[in-house]
Amino acid sequence: MFREKISILLIFHNKEGEVRKMNISKKNRVSMLCASLVAMLVLSVCIISNNAAKSNANQPKEISYEEYLPTVEQLAKESGLYLANEQCPDVDITVKETNPIYDITNNIVGYSVAFESNDVDYGYANFNFTTDELVTDFAISENASSLHDSIAEDFVTANNNIKAEEITDKLYNTNGIDYAVSSESNGKEFFFYNAETFTSEDFNEVLDHYEENYLEYYDNTEYEDDFIYSVAGEDDNFVVQGKIADWFKKWIKKLFPSFFNNDTITPTAYPEHSEVLKKSSKVLGELADPVMINQYSKEKSLISQETIMTTTKKYACGLVALTGICAQEDILTNGTIQDTFHKLWDVTDTESGIYDTISNYGIDGIVCSGTSVYMMGQGMKNYGREVGATIDYTSQPVPTVDFFRNAVDNNMSSVLCYQIADKGGHGVSILGYTTATVNNQTFDYIVAADGWYDDAPRYVMYFPELFESTTGLAYFIQK
């Protein structure tokens with residue numbers, strides 16, 4: 001077939017008008033064939049490209065990740081107000097400010113909304129648009145700072161060379177319920193996370209470590225496709241932002257379908273507050289009243305890392321949680337926080353886990369350590385004998401929310417310990433639980449006393465599967 005076409009192409013008229021046929025060698029025929037094919041392909045590509053251009057001209061413009069951000073921020077504000085009003089219906093609460101939430105790929109995935117009432121801080125709510133439940137954690141209470149401001153305050157207090165005006169508005173979600181803030185000055189960037197100050201390079205190493213853990217987890221779950229943006233390589237940021245934009249679009253469509261016209265969005269077309277109130281109940285769902293342990297007391301249960309560091313010159317987050325438990329159970333050593341922490345330090349053999357000595361909150365020589373999960377249990381039994389109480393415990397690796405629900409229902413103090421390989425981890429005391437029901441789907445929240453945020457109990461959506469090692473411990477205490 002191709003040869004017949006070549007023969008036709010080679011027929012021509014000479015100047016005398018005679019029809020001649022050119023004789024060509026086999027080699028030349030192959031060359032001419034290749035040239036003809038190239039010409040045909042180029043012509044086809046041009047036609048296809050032209051048709052595609054005409055078709056694309058009639059298609060809606062693809063909205064970029066950045067173009068979604070103003071609307072997403074506004075939806076977080078309005079939905080945050082709905083949540084705050086539901087929690088405190090008799091209080092006139094307004095939005096104080098918002099802080100963008102960055103994930104481990106250094107892209108914005110949501111916003112933290114800070115509240116106030118008559119110039120008094122009233123807590124915060126974090127909205128992550130890349131999760132199935134929009135509200136990941138919140139604390140709404142009088143005199144409670146926003147999560148960003150609380151960490152920023154510790155950042156400035158812990159570092160004499162960091163000024164308040166150098167703190168950025170960014171809030172970094174490092175893993176689970178953990179967050180960090182940053183400062184910028186003279187071209188240098190520093191991060192404050194887990195009571196430590198990191199350079200940009202060191203902080204990126206921490207995030208890379210967490211990202212590896214996410215990759216390992218999602219490679220072994222059915223949810224990998226939904227969360228693939230979290231594990232994309234450094235060269236795939238365009239793909240990452242595209243995945244995030246898909247989540248943004250999903251939530252905006254769910255909240256306000258009228259925003260879209262032929263699948264495009266007008267970033268400045270913000271909803272009316274009344275419209276938000278109608279839609280938010282369907283999206284945020286109905287939040288049940290929290291069930292709290294009887295021993296809970298804001299004055300006793302909430303103990304900050306700053307209090308421990310400045311009064312004991314020691315720090316271990318798990319022991320901060322245990323100290324809070326001892327306070328709410330009225331089994332403090334000599335009736336003081338600092339003596340209790342020192343005693344717990346000894347009976348749990350936390351001395352053997354020392355990994356650093358730091359300066360924080362104007363105090364030099366603060367010794368930092370970690371407490372093993374086993375000694376979080378056995379050490380409390382030892383502590384009971386020291387203070388004349390009988391303490392027993394039960395532990396559960398990778399506990400479901402039912403573990404903590406059962407502990408709370410039986411008025412047993414409990415702790416959640418989590419770890420990501422050999423770097424990073426935290427321990428918090430569990431004070432209660434609640435649920436949000438959205439379209440017949442239930443989302444579980446634990447209510448935690450967090451030494452990194454002691455202004456109010458934190459309501460945190462429970463994701464035990466996001467951590468490489470998670471353990472729950474519940475304590476039976478008789479005095």
Side-chain angles (χ1 to χ4, degrees), residues 292-305 307-355 366-399 403-419 425-432 446-451 454 469-479:
M292 308 288 282
I293 58 173
N294 291 338
Q295 302 93 307
Y296 165 65
S297 163
K298 183 176 181 179
E299 292 73 24
K300 296 179 179 180
S301 303
L302 305 180
I303 297 176
S304 71
Q305 64 180 18
T307 296
I308 296 300
M309 286 184 176
T310 55
T311 60
T312 69
K313 296 189 68 173
K314 296 177 181 177
Y315 178 68
C317 60
L319 295 191
V320 176
L322 293 185
T323 301
I325 287 177
C326 291
Q328 70 188 16
E329 296 279 359
D330 292 323
I331 53 173
L332 292 173
T333 299
N334 300 326
T336 70
I337 294 295
Q338 52 266 45
D339 286 353
T340 301
F341 189 88
H342 284 306
K343 180 64 68 175
L344 287 168
W345 183 279
D346 294 337
V347 298
T348 58
D349 191 31
T350 298
E351 183 82 16
S352 64
I354 294 175
Y355 60 85
I366 299 173
V367 178
C368 296
S369 185
T371 307
S372 71
V373 171
Y374 172 75
M375 291 308 294
M376 288 283 289
Q378 189 61 39
M380 276 293 278
K381 293 182 69 172
N382 299 338
Y383 178 84
R385 289 191 286 268
E386 295 282 341
V387 297
T390 300
I391 299 178
D392 205 349
Y393 73 97
T394 180
S395 64
Q396 178 66 54
V398 195
F403 177 85
F404 298 109
R405 184 182 288 116
N406 291 334
V408 172
D409 289 346
N410 288 282
N411 283 310
M412 298 172 65
S413 294
S414 60
V415 295
L416 166 65
C417 304
Y418 58 84
Q419 182 81 12
H426 198 30
V428 295
S429 169
I430 305 304
L431 304 173
I446 53 175
V447 185
D450 186 355
D454 66 324
S469 174
T470 308
T471 304
L473 298 100
Y475 303 94
F476 178 77
I477 301 173
Q478 285 185 314
K479 295 173 282 186

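Keep in mind that the numbers below use all heavy atoms, side chains included, and drop hydrogens, waters and symmetry copies.
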J.: Contact between K343 and V387 at the side-chain level, heavy atoms closer than 4.5 Å - yes or no?
T.: no

J.: Is the shortest side-chain heavy-atom distance between V373 and S395 below 4.5 Å?
T.: no

J.: So how far is it from S304 OG to M309 CE, rounded to the nearest 0.5 Å?
T.: 9.5 Å

J.: Which atom pair, heavy atoms only, marks the closest approach of A327 to I337?
T.: CB-CD1, 4.3 Å

J.: Between side-chain atoms of residues 315-325 and protein atoms elsewhere (two or more places apart, or another chain), which donor-acceptor pairs fall under 3.5 Å?
T.:
unit_1	atom_1	unit_2	atom_2	d
Y315	OH	W452	NE1	2.8
T323	OG1	L319	O	2.7

J.: Are V415 and Y475 close enough that some pair of their side-chain heavy atoms sits under 4.5 Å apart?
T.: yes

J.: Over 60° means perpendicular and under 30° means parallel, so classify the ring planes of H426 and Y418, tilted if in between.
T.: perpendicular

J.: Who pairs with K314 by salt bridge (Lys or Arg N to Asp or Glu O under 4.0 Å), at least two apart in sequence or on another chain?
T.: none

J.: Output yes when a side-chain donor or acceptor of Y383 lies under 3.5 Å from a complementary backbone atom of I331, and no otherwise.
T.: yes

J.: Under 4.5 Å between any side-chain heavy atoms of L332 and D339, yes or no?
T.: no

J.: Heavy atoms only: give me the nearest T312-I308 pair and the separation to one decimal.
T.: OG1-O, 2.6 Å

J.: Find the distance between CD1 (I477) and CG (D392) and round it off to the nearest 0.5 Å.
T.: 10.5 Å

J.: What distance do M376 atom CE and T371 atom OG1 have between them, rounded to the nearest 0.5 Å?
T.: 6.5 Å

J.: When you compare the side chain of L344 with that of T333, does any pair of heavy atoms fall below 4.5 Å?
T.: no

J.: How far apart are the closest heavy atoms of S414 and F404, and which atoms are they?
T.: OG-CD2, 3.7 Å

J.: Looking only at non-hydrogen atoms, find the nearest pair between Y296 and Q328 and report the distance.
T.: CA-OE1, 4.3 Å

J.: Just verifying a value: how many Å separate I366 CD1 and T310 OG1, rounded to the nearest 0.5 Å?
T.: 7.5 Å

J.: Against D330, only a single residue in Q295, K479, K300 fulfils side-chain hydrogen bond (donor to acceptor under 3.5 Å, both in side chains); can you say which?
T.: K300

J.: So, for G432 and V408, which heavy atoms are closest and what is the spacing to 0.1 Å?
T.: CA-CG2, 3.8 Å

J.: Could I get the full list of side chain to side chain contact (heavy atoms under 4.5 Å, CB included) partners for T390, not counting sequence neighbours?
T.: Q478

J.: Given side chains that start at C-beta, do those of I430 and F403 come closer than 4.5 Å, heavy atoms only?
T.: no

J.: Is it true that a side-chain atom of S369 and a backbone atom of T350 form a donor plus acceptor pair closer than 3.5 Å?
T.: yes

J.: Under 3.5 Å, is there a donor-acceptor pair between the side chain of T348 and the main chain of M375?
T.: no

J.: Nearest heavy-atom pair of S301 and A449: which atoms, and what distance?
T.: O-CB, 3.7 Å

J.: Give, for atom CG of D346 and atom CZ of F341, the distance between the pair rounded to the nearest 0.5 Å.
T.: 10.5 Å

J.: I need the K313 NZ to H342 NE2 distance, nearest 0.5 Å.
T.: 10.5 Å

